[in-house]
Every structure is written in C-alpha cells, then in structure tokens.
Amino acid sequence: RLYGFELQNVYASEIAYGLTFQGERDALLFKGEFVRHEQDPLILSRIIKESNIPKMVTYTVDDDYYASTLGVEYTLNSLVFDNQDLGLILEWIYDSDSELKKAERIAFKPFLNTIFLGGRYTFNNEGDRSLLGGALIDTKNSDTLWQLEYEERFFDALKLKLAYNAISASNFPLDQFKENNRFKLELKYYL
C-alpha cells in the first residue's frame, strides 16, 4: 500500500551584518567589506512546527561563517590620452567556509579563497564608458574565471553592459563548465 506524503523545502532565516569601507589616498583606492552570516535556528523550528510537515523531518542548519573582500586599485591618470585612465586592481576574496563542509563544496561552492587581478580602462566621457578585464584565481587549485566587460550609459537613462566569461579549470566541480563560455548582454533603464 502506498501512502501519500508532502515534500516541502524549509529554509532557515539568515542574519547578516557587516562593514563596508572605501577610501582613497593619492592614486590609490582602498576598499573592503566584512560580513558575518548567522543562521537563526529558532525561526527554522517555528516554521516546521507551524507547517503540516510530517514528524519525520530531516533538515540541516549551516554553521555560521564570515566573508570578506579587501582590495586596492591604483589609477594611472591620462596614461595614453587626456581624460582616460587605467586602474590596476588587486582584490582578495575570502570565505571562512573554504576549509569546512567538503560535502557542500562538492555541491558547488567554488572560489572561496580567491584573488582578482585586473584592470579597468575608463574613458571619462559623458557616457562613463569603461572596459574591465581580469581573472578570478582560486588560490587552492588555480581554477580561473576570466572576465572581459564593456559598460556605457546612453541618454542619461539607459545603461548597456556586455560581458564575456571563460573558465580555465581542472578540478571538480568547476571543470564541468570549462567548455561553456558565457556572454551576457544587459540593458538597464533608469526612471
């Protein structure tokens, strides 16, 4: 005899708080962000009690963790042409989850301890045209996400963004995407 059952996904509420900063000194721009993520098991328990989920329920609550980004950008003003600048970017991206929960990493959590190396060429024109190129490099296994991006504003209300991403990977789970390069076109209209 087959009995009916109901399958429901239940997600715990997450509390996140942090600090973002940005400051400049001469041609250097310093920026960073620190975020602490905490699960709220009391809300999860209440959701389960108030729902019609059967008594035999399995759920997991992730451990708390923090994430941070620290970066510096050095700007070379009018390097080739007047009013056109080149910014050299270095960022470090870290997540305290990077050494934990191997089962979850297998479920796909790449780039948890990463550096970004790149450059941004800005035209400083009316449309704020810029080109960004660089690479996100996983420090654990050298998997790399290459990025090229063009952005410009038109008519004060329309913004165009073209992006191309390519993956160089030899480790699971990211290697399954290495032949699937991405192209993205984004149009935004501001009222």
Side-chain angles (χ1 to χ4, degrees), residues 9-44 59-77 85-122 128 130-151 159 161 163-178 180-182 184 186 188:
N9 288 326
V10 178
Y11 300 96
S13 293
E14 183 175 89
I15 301 166
Y17 51 90
L19 169 70
T20 301
F21 67 90
Q22 183 171 314
E24 62 181 60
R25 182 169 180 100
D26 299 323
L28 288 171
L29 172 66
F30 299 95
K31 51 191 169 182
E33 180 176 17
F34 300 94
V35 179
R36 171 94 176 145
H37 296 267
E38 296 179 354
Q39 300 295 325
D40 190 344
L42 295 176
I43 291 178
L44 178 64
Y59 66 94
T60 60
V61 177
D62 291 342
D63 295 331
D64 300 340
Y65 68 97
Y66 71 92
S68 61
T69 301
L70 294 172
V72 63
E73 183 172 346
Y74 181 76
T75 302
L76 301 161
N77 295 309
D85 305 327
L86 174 64
L88 303 174
I89 304 167
L90 172 64
E91 289 186 3
W92 175 57
I93 304 158
Y94 178 75
D95 188 322
S96 66
D97 244 0
S98 62
E99 298 298 329
L100 306 172
K101 304 181 193 139
K102 298 298 181 191
E104 287 186 18
R105 292 197 69 200
I106 290 171
F108 194 67
K109 290 179 85 173
F111 294 112
L112 295 173
N113 196 359
T114 308
I115 59 171
F116 175 79
L117 293 170
R120 180 189 340 259
Y121 192 85
T122 55
D128 292 331
S130 68
L131 292 169
L132 173 73
L136 271 169
I137 304 164
D138 190 319
T139 59
K140 298 279 184 208
N141 53 33
S142 300
D143 287 343
T144 305
L145 175 65
W146 300 92
Q147 181 174 348
L148 186 60
E149 192 174 284
Y150 167 81
E151 192 170 39
K159 194 170 200 177
K161 183 177 183 179
Y164 176 76
N165 293 324
I167 295 174
S168 300
S170 58
N171 299 288
F172 183 80
L174 206 57
D175 64 342
Q176 61 189 322
F177 298 102
K178 66 184 175 188
N180 298 316
N181 297 342
R182 305 283 194 266
K184 181 169 86 172
E186 188 175 293
K188 290 183 179 178

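FYI, side chains are in, hydrogens and waters are out, and symmetry mates aren't considered; it's all heavy atoms of this structure. Numbers for residues simply follow the sequence, beginning at 1.
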Handout entry: Heavy-atom side-chain contact between Phe34 and Leu70 under 4.5 Å
Key = yes
Completion exercise
Which of Leu88, Leu90, Ile89, Leu136 passes side chain to side chain contact (heavy atoms under 4.5 Å, CB included) with Leu117? Answer is Leu90
Problem - Tyr74 atom OH, over 12 foreign heavy atoms within 6.0 Å - result: no
Problem - Between Ser168 and Trp146, a side-chain donor and acceptor under 3.5 Å - result: yes
Practice task
Nearest 0.5 Å please: distance from the CZ atom of Arg25 over to the CZ atom of Phe30.
Solution key: 8.5 Å
Handout entry: Rounded distance (nearest 0.5 Å) linking atom CG of Leu145 with atom CG of Asn165
Key = 5.0 Å
Exercise for the section: Evaluate whether atom CD of Glu24 has more than 12 neighbouring non-hydrogen atoms of other residues, nucleotides or ligands under 6.0 angstrom away. Expected result: no
Handout entry: Distance in Å, Trp92 CH2 paired with Thr139 OG1, rounded so as to fall on 0.5 Å steps
Key = 9.0 Å
Exercise for the section: Would you kindly say whether Asn181 and Tyr164 are connected by a side-chain donor-acceptor distance under 3.5 Å? Expected result: yes
Exercise for the section: Would you mind checking if Glu149 and Lys184 are paired as a salt bridge, meaning a charged N to carboxylate O distance below 4.0 Å? Expected result: no
Handout entry: Straight-line distance of Arg182 CZ to Ile167 CD1, nearest 0.5 Å
Key = 6.0 Å
Exercise for the section: Can you establish whether the number of heavy atoms outside Lys159 located under 6.0 Å from its atom NZ is more than 12? Expected result: no
Exercise for the section: Mark yes or no for whether Thr69, through its side chain, and Glu33, through its backbone, hold a donor-acceptor pair below 3.5 Å. Expected result: no
Problem - Side chain proximity check, Gln22 to Leu29, heavy atoms < 4.5 angstrom - result: yes
Problem - Pairwise side-chain contact, Ile93 with Ile115, heavy-atom cut-off 4.5 Å (strictly under) - result: no
Handout entry: Closest approach of Gly133 to Leu148 (non-hydrogen atoms, all atoms of both residues)
Key = CA-CD1, 4.2 Å
Completion exercise
The reported gap from NZ in Lys161 to OG in Ser130 (rounded to nearest 0.5 angstrom) is 9.0 Å
Handout entry: Taking every non-hydrogen atom, the tightest pair across Ala135 and Thr144
Key = CB-CG2, 3.7 Å
Practice task
Check whether any side-chain heavy atom of Glu186 sits under 4.5 Å from a side-chain heavy atom of Glu151, and report yes or no.
Solution key: no
Exercise for the section: State, with a plain yes or no, whether a side-chain heavy atom of Tyr66 is found less than 4.5 Å away from one of Tyr94. Expected result: yes
Handout entry: Interatomic distance, Leu86 atom CG to Arg120 atom CZ [nearest 0.5 angstrom]
Key = 10.5 Å
Practice task
For the pair Glu73 and Glu91, evaluate side-chain contact (heavy atoms from CB on, under 4.5 Å) and give the outcome as yes or no after the intermediate values.
Solution key: CA-CA 8 Å; Glu73 183 172 346; Glu91 289 186 3; over 6 Å; no
